[in-house]
Amino acid sequence: MTTTGPIGAGRPHRKPADPARVRLAAAVAAVVTVGAGLGLRAATAGSVAKYGGDALYTILLLALVVLVAPRVRPLAAAGTALAVSWGVEFLQLSRMPAELAQRSTLARLVLGSTFNAPDLLWYTAGAAAGLLVHRALIRHRRGAG
């Protein structure tokens, strides 16, 4: 809904998005992202599966950030997801993720096991893609509202 107020007359004021709807969309995005990752692993191998999975990992984290904080701005959500992705990757320089990965499939999926510098680039690509999609969805919602 667009209205104008006395302060900044002529500037549109938009009703904030309903947090419940944003959370639902983020949850759906997270499920779709996990499905895309599983599908990618099933349909491809090698670098495509590895690096595509890296990008999707960061997109999943972005969706989870929005799920937890539905009013987060797209740049903050993407930055948070990227920081966590990079943090997990650098954590792999220690022995802890590899040791946990030997005991738990979930730990292996979440934390990985071995540092790989090119992963940092693909996490960045995932954050950039997620940022663009998040911004586009906000623009679409504003146009429809």
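Just so you know, these numbers come straight off a predicted model, no measurement behind them.
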Asker: How long is the span from the CG atom in L56 to the CZ atom in R41, to the nearest 0.5 Å?
Answerer: 10.5 Å
Asker: Quick check: do Y123 and I59 have side-chain heavy atoms less than 4.5 Å from each other?
Answerer: no
Asker: Looking only at heavy atoms, what is the nearest atom pair of P74 and I138, with distance?
Answerer: CG-CD1, 3.4 Å
Asker: How close do A101 and G112 get, counting heavy atoms only, and between which atoms?
Answerer: CB-O, 4.0 Å
Asker: Would a hydrophobic clustering, with Ile, Leu, Val, Met, Phe, Trp and Tyr connected at side-chain separations under 4.5 Å, put V110 with L82?
Answerer: yes
Asker: Decide yes or no for N116 and E89: does some side-chain heavy atom of the first lie under 4.5 Å from some side-chain heavy atom of the second?
Answerer: yes
Asker: Quick one: CG on L62 to OG1 on T80, what's the gap to the nearest 0.5 Å?
Answerer: 8.5 Å
Asker: Are F115 and L121 grouped together when hydrophobic residues (ILVMFWY) are joined by side-chain heavy atoms under 4.5 angstrom apart?
Answerer: no
Asker: What's the spacing between Y51 OH and D119 CG if we round to 0.5 Å?
Answerer: 6.0 Å
Asker: If you compare all heavy atoms of L40 against all heavy atoms of A49, which two are closest, and at what distance to 0.1 Å?
Answerer: CD2-O, 4.0 Å
Asker: Using the rule that two of Ile, Leu, Val, Met, Phe, Trp, Tyr join whenever any of their side-chain heavy atoms come within less than 4.5 Å, decide whether L60 and L137 are in one cluster.
Answerer: no
Asker: According to side chain to side chain donor-acceptor pair (under 3.5 Å), who are the partners of Q92, at least two apart in sequence or on a separate chain?
Answerer: none
Asker: Same cluster for L120 and V48 if Ile/Leu/Val/Met/Phe/Trp/Tyr side chains link at under 4.5 Å?
Answerer: no
Asker: Within the side chain of S94, is there an N or O that forms a donor-acceptor pair under 3.5 Å with the backbone of L91?
Answerer: yes
Asker: Could you measure the distance from the OG atom of S113 to the CD atom of Q102? Nearest 0.5 Å is fine.
Answerer: 9.0 Å
Asker: Roughly how far apart are T124 OG1 and L131 CG, rounded to 0.5 Å?
Answerer: 12.0 Å
Asker: Quick one: pull up CG in D18 and CZ in R141 and give me the separation to the nearest 0.5 Å.
Answerer: 9.5 Å
Asker: Less than 4.5 Å apart, any side-chain heavy atom of W122 and any of T58?
Answerer: no
Asker: Between S104 (side chain) and L100 (backbone), is there a donor-acceptor pair under 3.5 Å?
Answerer: no
Asker: For a quick test of reading the model, state the closest non-hydrogen atom pair linking P70 to R23 and the distance between them.
Answerer: CD-NH2, 3.3 Å
Asker: Spell out, yes or no, whether L67 and V72 are grouped together once hydrophobic residues are joined by side-chain heavy atoms under 4.5 Å, including indirect joins.
Answerer: no
Asker: Kindly give the heavy-atom pair with the smallest separation between A26 and V66, and that separation in Å.
Answerer: CB-CG1, 3.8 Å
Asker: Taking the side chain as every heavy atom from C-beta outward, state whether L75 and H134 have any atom pair closer than 4.5 Å.
Answerer: no
